[in-house]
Structure formats: C-alpha cells, structure tokens
2 protein chains.
Amino acid sequence: MDGAELGRELSTAVVLFHEAVARRLGLNAADHKALSIITRNGPLPAGALAAELRLGASAITALVDRLERAGYVRRVPDPGDRRRVLICAETSGTPDLGAIFADLGREMSALMTKYDERELTAIADYVVNTIAVLKAQTARLSETE
Amino acid sequence: MDGAELGRELSTAVVLFHEAVARRLGLNAADHKALSIITRNGPLPAGALAAELRLGASAITALVDRLERAGYVRRVPDPGDRRRVLICAETSGTPDLGAIFADLGREMSALMTKYDERELTAIADYVVNTIAVLKAQTARLSETE
DNA sequence: GAGACTACTTCAATACAGTGAAATATTCAC
DNA sequence: GTGAATATTTCACTGTATTGAAGTAGTCTC
C-alpha cells in the first residue's frame, strides 16, 4: 500500500470515527463540531461560537438549545457582561464522551510502547508536519471561495 | 504537546480538510461522503450505495440526482441486470478533485523525504496501526446502537 | 409465460437547520 | 440620564434532505 493510499485510509478512518462518536452522542455532525469547539475552547460566549461556525446568531440559539436539552452544555450568564451568555461544556453530564476517548487513548498509548526513542521522534515529527500540511491545504481551499 | 493532544489536533485537521474539500466541490458533507465512496469503490449499483450510507432507496435517487447534476457522477445502466443503475464517478468532469489531491500528495511526498528507511518503516507502521485502532473503536461505538 | 420478487424512480408529506427581522436586555459614550 | 450600540432570543419563513407509499421496469422460479 503506498503513501497516498495509506493517507486516504487514515483520513477515512478518522472521519468515520468522528461520525460514530457523533451518532453515539445522538448529535448530527454540525452539533458535534460545535460541542468539540465548546469543550476545547472552554466556556465561550454564543457570539464567539457563531463566528467560529460562521452561523447567524439565531442559529446558535437553536444549536445551544439542542445541546443543552441533550445535557452536553449549560448556559451561564457572563458575570462581566450580562448581555452575554457563556456556553459551558457540561462535564458531569457526559460520561460517554470521557469513556470513549479514554478507551482510544489507552489503545494508542499501548501502540506507542512498540517504538524506541528515535522512532517516536520521527512519528511525532511526521504527525506535526502532516497537521501543518493539512492546515495549509485547508487554508488554500478556503481562501478563494 | 502530548500524544493525545497531538491526536486530537490531527483529527481536527483531517475533518476540517474534508469540510473544505466538500465546500470547494459545492457539496454538503453527506454528498461528499457518498462521492468518495463512489470514487473509491468504483461503479456500484444504487442499492449498494443505499446500504453503505444506511439510507432509503428514494434518498439515493435524490442524492445521485444532485451529484449527477453537479457533474460528479453518471448513471449507467447495468448491462448484466437492466433493473440496476450503476453510479460511476465522472473522472473527466472533476478536474478540481484531481488538482486538490495532487497538491496534497506532492506536499506529503516532499515531507517523507526527510526520513530515513527505519523512520519510514516506523511511521508506516504507526499509521497502519492507528487506522486499525480507529476502525476497532468505530466498530465498538457502532455495535451497541 | 404467469406470478412473485427485485431495483430504481416518482411524489406527497415530514423533519430540520438556517436566515433575517423584530423584540428584549444590557452596556457604552457623551 | 439619554441615545446608540451590542448580545441574545423569538418568530415566521425558506430551503433542502429524508421518509414511506405507490408506480414502472426488469428478472427469476416454476
């Protein structure tokens, strides 16, 4: 199997894994993406989420309604600016999410014990550079739209 | 940056790249997924696509209509069974797609020249095993639904 | 070759996410 | 304080994808 083929396989596997996670959480792809932004970027105001997702303000209200109803996030009034609402990931309410990624993490850790120092360095370098290439390509594809 | 963080980053980069490709092709995520199945699995009957995507037959008709109208696929009557319609990827009609992946391939090839034989072996092994882990986790997530 | 079955399409109905305008509440500038 | 600006919500509407039932065409069994 050559490099390109391998890359496509990896890419497909990643995308399908994401879909499976979303299905498991009972979310569509867009809501899952929103949830991971919220989880990663900590509590953030609805407006910031709108900018990130390139959606209108009213779409965010509906989206957060769905996530809140499902128990994945919580609305908290911003103490600094009471017009704002901060969207917080509901960590206690999502045991699924933790378990899912813990399992994956465990398997990946086990995999990494196979390699020696030099191999690990090469792999990490490869991953870092692959991320950079993908980001650059994504930017290139997005710029002309 | 630790391994888990790196993995998440890679995963995000892959997903965002896919989204960018889809946007560039003027397709939504679902149609893009269908197109890549068609491209990869060669000409396949509508029913097979329905099974793959877990969609009803009529949804496939609409989906193929959209892809055909956009010039990405073609309906060809199956010579073996004339009830069937084979969905073929329209290679000539999609210069975009080729160009997009050629560019990515070129950058990835350039990256790979950095590594020596042993490092390349480790990287390939890592990718193969990561794919296996992701597939296993995807299956695990899907089985109980 | 008649009847049951299969593959796809058509059509009406439904579900859902997104938009844009108006409403509400709060902050900022003066 | 008053008026302009900002952040979110509500609401009516639009666009689009999916479903399920009915229809059409072809294949298989006997």
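First the proteins, then the strands, lettered A, B, ... as listed; each starts at 1.
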**Item:** Short side-chain N/O contact to D/dT27 OP1/OP2 from B/Arg82, under 4.0 Å
**Value:** yes
**Asked** If you look at every strand shown and take non-hydrogen atoms under 4.0 Å, does B/Ala57 touch a base, only sugar-phosphate, or nothing?
**Response** base
**Message:** So that I can tick it off, tell me whether A/Lys135 and B/Glu9 are bridged by a salt bridge, with the cut-off set at under 4.0 angstrom between side-chain N and carboxylate O.
**Reply:** yes
**Complete:** Rounded to whole Å, the NZ-C1' distance (B/Lys33 to D/dA17) equals 15 Å
**Prompt:** Taking atom P of C/dC8 as reference, at what distance in whole Å does atom CG of B/Leu44 sit?
**Reply:** 9 Å
**Request:** Nearest whole angstrom, please: distance from the P of C/dT9 to the CZ of B/Arg84.
**Result:** 13 Å
**Prompt:** Should the ring pair A/Phe101 and A/Phe17 be called parallel, tilted or perpendicular, given that the plane angle runs from 0 to 90° and is split at 30 and 60?
**Reply:** perpendicular
**Gap between atoms CG and C1', on A/Leu55 and D/dA7 respectively (whole Å)** = 16 Å
**Message:** Does D/dT19 have its OP1 or OP2 closer than 4.0 Å to a side-chain nitrogen or oxygen of B/Arg54?
**Reply:** no
**Request:** Just compare C/dT10, D/dT10, D/dT18 and give me whichever is closest to any side-chain atom of B/Ala59.
**Result:** D/dT18
**Asked** CG of A/Leu49 versus C1' of C/dG18: gap in Å, rounded?
**Response** 14 Å
**Message:** OP1 or OP2 of D/dT9 versus the side-chain N and O atoms of A/Arg75: is any pair under 4.0 Å?
**Reply:** yes
**Prompt:** Quick one: does A/Ser11's side chain have a donor or acceptor within less than 3.5 Å of a partner on A/Gly7's backbone?
**Reply:** no
**Asked** For DNA chain D, whose closest nucleotide is more 5', that of B/Gly80 or that of B/Ala30?
**Response** B/Ala30
**Prompt:** Should A/Thr39 and A/Tyr72 count as side-chain neighbours, where that means a heavy-atom distance under 4.5 Å?
**Reply:** no
**Message:** What is the distance, to the nearest angstrom, from the CG atom on A/Asp81 to the P atom on D/dA5?
**Reply:** 17 Å
**Message:** Side-chain N or O of A/Arg66 versus OP1/OP2 of C/dA17: is the shortest distance under 4.0 Å?
**Reply:** yes
**Complete:** Which of D/dT8, C/dT19, C/dA25 is nearest the side chain of A/Arg83? It is C/dA25
**Message:** Looking at B/Asp2 and B/Arg8, is there a salt bridge between them, counting it only when a charged N and a carboxylate O are closer than 4.0 Å?
**Reply:** no
**Request:** Would you mind telling me which residue lines up with the more 5' stretch of DNA chain C, B/Ala62 or A/Ala62, judged by nearest nucleotide?
**Result:** B/Ala62
**Request:** Using a cut-off of strictly less than 4.0 Å, decide whether B/Asn28 has a side-chain nitrogen or oxygen near OP1 or OP2 of D/dA17.
**Result:** yes
**Message:** In whole Å, I'd like the distance from the CG atom of B/Leu63 to the C1' atom of D/dT18.
**Reply:** 11 Å
**Message:** Return whichever of A/Ser58 or B/Ala48 has its heavy-atom-nearest nucleotide of DNA chain C closer to the 5' end.
**Reply:** B/Ala48
**Complete:** Atom CD1 of B/Ile87 and atom C1' of C/dA7 are separated, to the nearest Å, by 11 Å
**Request:** Between B/Ile60 and A/Pro45, just flag the one whose closest nucleotide in DNA chain D comes earlier from the 5' side.
**Result:** A/Pro45
